[in-house]
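Position 1 is the first residue of the sequence; numbering continues from there.
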Amino acid sequence: LTSWGAMASLWPLFITFLGVVFVALFFFREKRGAYLLTGLLLVSLSAVFCVTQAFGAHWWWTILILAGLSILVAEKAK
């Protein structure tokens, strides 16, 4: 679990930890919306990277393009 080979697939956890810190800052320190937004954005980004690694390295472009398209479509639907 602590080898460099394992870190090649577990690196999104570092982004997750940082996101959790921002969410904890929002709930336990200051009620600034920027902390919550930053934390949720980092956790979501980390989840996207974990999913792309689970599907394989050759699919990550497709997954990110589909995620971007879904954001654009959601904005147009409003």
Side-chain angles (χ1 to χ4, degrees):
L1 189 64
T2 59
S3 69
W4 287 109
M7 286 295 119
S9 62
L10 295 177
W11 64 266
L13 291 179
F14 294 108
I15 299 171
T16 303
F17 295 147
L18 185 62
V20 169
V21 166
F22 276 109
V23 172
L25 275 173
F26 174 77
F27 284 116
F28 296 115
R29 291 284 181 172
E30 299 179 27
K31 299 290 185 187
R32 290 187 180 171
Y35 286 148
L36 183 63
L37 180 66
T38 304
L40 292 177
L41 180 70
L42 288 173
V43 169
S44 300
L45 184 66
S46 174
V48 167
F49 287 140
C50 286
V51 168
T52 56
Q53 284 188 352
F55 283 118
H58 58 279
W59 286 101
W60 72 278
W61 284 106
T62 306
I63 293 170
L64 290 178
I65 288 171
L66 290 175
L69 286 174
S70 67
I71 292 170
L72 291 174
V73 168
E75 287 180 3
K76 293 290 183 181
K78 288 182 181 180

When you compare the side chain of Phe22 with that of Arg32, does any pair of heavy atoms fall below 4.5 Å? no

d(Ile65 CD1, Ser70 OG) to nearest 0.5 Å is 12.0 Å

Backbone N/O of Tyr35 and side chain of Thr38: donor-acceptor pair under 3.5 Å: no

Assigning hydrophobic clusters by single linkage (Ile, Leu, Val, Met, Phe, Trp, Tyr; side-chain heavy-atom cutoff under 4.5 Å), is Val48 placed with Leu41? no

Do Phe26 and Leu42 sit in the same hydrophobic cluster, where Ile, Leu, Val, Met, Phe, Trp and Tyr count as joined when their side-chain heavy atoms come under 4.5 Å apart? yes

Determine whether Ile71 and Leu37 fall in the same hydrophobic cluster, where Ile, Leu, Val, Met, Phe, Trp and Tyr are linked whenever their side-chain heavy atoms lie under 4.5 Å apart. no

Side-chain heavy atoms under 4.5 angstrom apart, residues restricted to Ile, Leu, Val, Met, Phe, Trp, Tyr: same cluster for Leu18 and Leu25? yes

Student check: side-chain heavy atoms of Gln53 and Trp11 closer than 4.5 Å: yes

So, does Ser46 use its side chain to make a donor-acceptor pair with the main chain of Ile15 at under 3.5 Å? no

To the nearest 0.5 Å, tell me how far Leu13 CG sits from Met7 CE. 7.5 Å

Distance in Å, Thr16 OG1 paired with Phe49 CZ, rounded so as to fall on 0.5 Å steps: 10.5 Å

Do Phe27 and Val23 come within less than 4.5 Å of each other through their side chains, counting heavy atoms only? yes

